[in-house]
Student: 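Dropping a structure here in structure tokens format, bear with me for questions.
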Amino acid sequence: MDIKRISPFLSVSPQINVTDFQRIAALGFKTVINNRPDGEAEGQPLNADLADEAKKNGLVYIFQPVSSKLVTDEDAANFAAELERVSGPVLAFCRTGTRCTILWALNEAHHMDANDLMRFARGIGIKLKGERDRLEQIFLKSNSPGRGA
């Protein structure tokens, strides 16, 4: 497992396997979010098998599949809602960890500059390629004069 810490509450990872859950629990995680749809790649563990193993290890398990081709604003809002609802620390995973990081960044862009988000992601080894304009638009919209007046 290649776990990348975003904050004390949230970490991201590439695909995990059923054999990883004992270690995930031992590392102190309380919740696991699967952002990868079933059947995305050959040999990928099934969501149902991952959910069963998470339960056996006392972990909350959430299946929130997100397309790797387009992470929507609705996906980001659902991810944020799940993070608000659950106990942490949380480990979110997808194929590489990038999708999960994009979900996080889209929510953070409401109050954090796109350059800072891109720099942070690069620092943990994740490239948010193609997301800069979208992150900038969210930041500008959320921080425009008269917002919330």
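The model shown is predicted, which means the values in this text are computed figures rather than measured ones.
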Student: Quick one: are Met1 and Ile16 in side-chain contact, heavy atoms under 4.5 Å?
Tutor: yes

Student: Stepwise, does the side chain to side chain contact (heavy atoms under 4.5 Å, CB included) test hold for Ile62 with Val90?
Tutor: CA-CA 10 Å; Ile62 298 165; Val90 174; over 6 Å; no

Student: Treating Asn35 as the side-chain partner and Val66 as the backbone partner, does any N or O pair qualify as donor plus acceptor under 3.5 Å?
Tutor: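 Checked: no pair found.
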
Student: Is there any side chain to side chain donor-acceptor pair (under 3.5 Å) pair reaching into residues 10-21, and which pairs are they, with sequence neighbours excluded?
Tutor: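 Passing the test, one end in residues 10-21: Gln15-Arg36.
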
Student: How many angstroms lie between OG in Ser87 and CZ in Phe9, if you round to the nearest 0.5 Å?
Tutor: 7.5 Å

Student: Mind checking whether Phe21 and Val86 sit in one hydrophobic cluster, side chains of I, L, V, M, F, W, Y counted as touching below 4.5 Å?
Tutor: no

Student: Measure the spacing between CD1 of Ile6 and CH2 of Trp104 and express it to the nearest 0.5 Å.
Tutor: 5.5 Å

Student: May I ask you to test the Phe93-Val12 pair for a side-chain heavy-atom distance under 4.5 Å?
Tutor: no

Student: Salt bridge or not between Asp52 and Lys55? Use side-chain N to carboxylate O under 4.0 Å.
Tutor: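 No salt bridge links Asp52 with Lys55.
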
Student: For a quick test of reading the model, state the closest non-hydrogen atom pair linking Glu136 to Ala114 and the distance between them.
Tutor: CG-CB, 3.4 Å

Student: Where do Phe79 and Val71 land on the side chain to side chain contact (heavy atoms under 4.5 Å, CB included) test, with the steps shown first?
Tutor: CA-CA 11 Å; Phe79 187 74; Val71 177; over 6 Å; no

Student: Would you say Gln44's side chain and Pro37's backbone share a donor-acceptor pair under 3.5 angstrom?
Tutor: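 A pair under 3.5 Å: yes.
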
Student: Nearest 0.5 Å, please: how far is CE in Met118 from CE in Met112?
Tutor: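 Rounded to the nearest 0.5 Å, the CE-CE separation comes out at 12.0 Å.
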
Student: So, taking the atom named OG1 in Thr101 and the one named CD1 in Ile126, what distance separates them when rounded to the nearest 0.5 Å?
Tutor: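 Reported value, rounded in 0.5 Å steps: 3.0 Å.
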
Student: Apply side chain to side chain contact (heavy atoms under 4.5 Å, CB included) to Asp75 and Arg99, showing your working.
Tutor: CA-CA 10 Å; Asp75 292 331; Arg99 211 173 320 180; over 6 Å; no

Student: So, the side chain of Asn107 versus the backbone of Ala76: is there a donor-acceptor pair under 3.5 Å, distance only?
Tutor: yes

Student: Looking at every non-hydrogen atom in both residues, tell me the closest pair between Ala92 and Cys100 and how far apart they are.
Tutor: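 Scanning both residues completely, I find the closest heavy atoms to be C-SG, 3.6 Å.
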
Student: Using every non-hydrogen atom in the two residues, find where Gln22 and Asn57 come nearest and quote the distance to one decimal.
Tutor: CA-OD1, 3.4 Å

Student: How long is the span from the CD1 atom in Ile33 to the CZ atom in Phe63, to the nearest 0.5 Å?
Tutor: 12.5 Å

Student: Same cluster or not: Leu59 versus Leu10, using hydrophobic residues (I, L, V, M, F, W, Y) connected whenever any side-chain heavy atoms lie under 4.5 Å apart?
Tutor: no

Student: Pair Ile24, Val32 - check side chain to side chain contact (heavy atoms under 4.5 Å, CB included), show working.
Tutor: CA-CA 9 Å; Ile24 291 166; Val32 174; 4.0 Å; yes

Student: Could you see if Leu50 belongs to whatever hydrophobic cluster contains Ile3? Use Ile, Leu, Val, Met, Phe, Trp, Tyr and a side-chain cutoff under 4.5 Å.
Tutor: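 Linked within one cluster.
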
Student: Counting N and O atoms only, with roles assigned by atom type, does the side chain of Lys4 sit under 3.5 Å from a partner on the main chain of Ile124, one being a donor and the other an acceptor?
Tutor: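 Between the backbone of Ile124 and the side chain of Lys4 there is a qualifying donor-acceptor contact (under 3.5 Å).
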
Student: With a 4.5 Å cut-off on side-chain heavy-atom distances among I, L, V, M, F, W and Y, is there a chain of contacts connecting Leu103 to Val60?
Tutor: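 Leu103 and Val60: one cluster.
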
Student: Which is it for Asp73 and Arg134 under the salt bridge (charged side-chain N to carboxylate O under 4.0 Å, His left out) test, yes or no, and what are the steps along the way?
Tutor: CA-CA 10 Å; Asp73 292 341; Arg134 189 171 173 197; 2.9 Å; yes

Student: Are Leu91 and Leu27 side-chain neighbours, meaning at least one heavy-atom pair lies under 4.5 Å?
Tutor: no

Student: Can you measure from CD (Glu40) to CZ (Arg95) and round to the nearest 0.5 angstrom?
Tutor: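 Rounded to the nearest 0.5 Å, the CD-CZ separation comes out at 7.5 Å.
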
Student: If every non-hydrogen atom of Pro89 is compared with every non-hydrogen atom of Gly28, which pair is closest and at what distance?
Tutor: CD-O, 3.3 Å

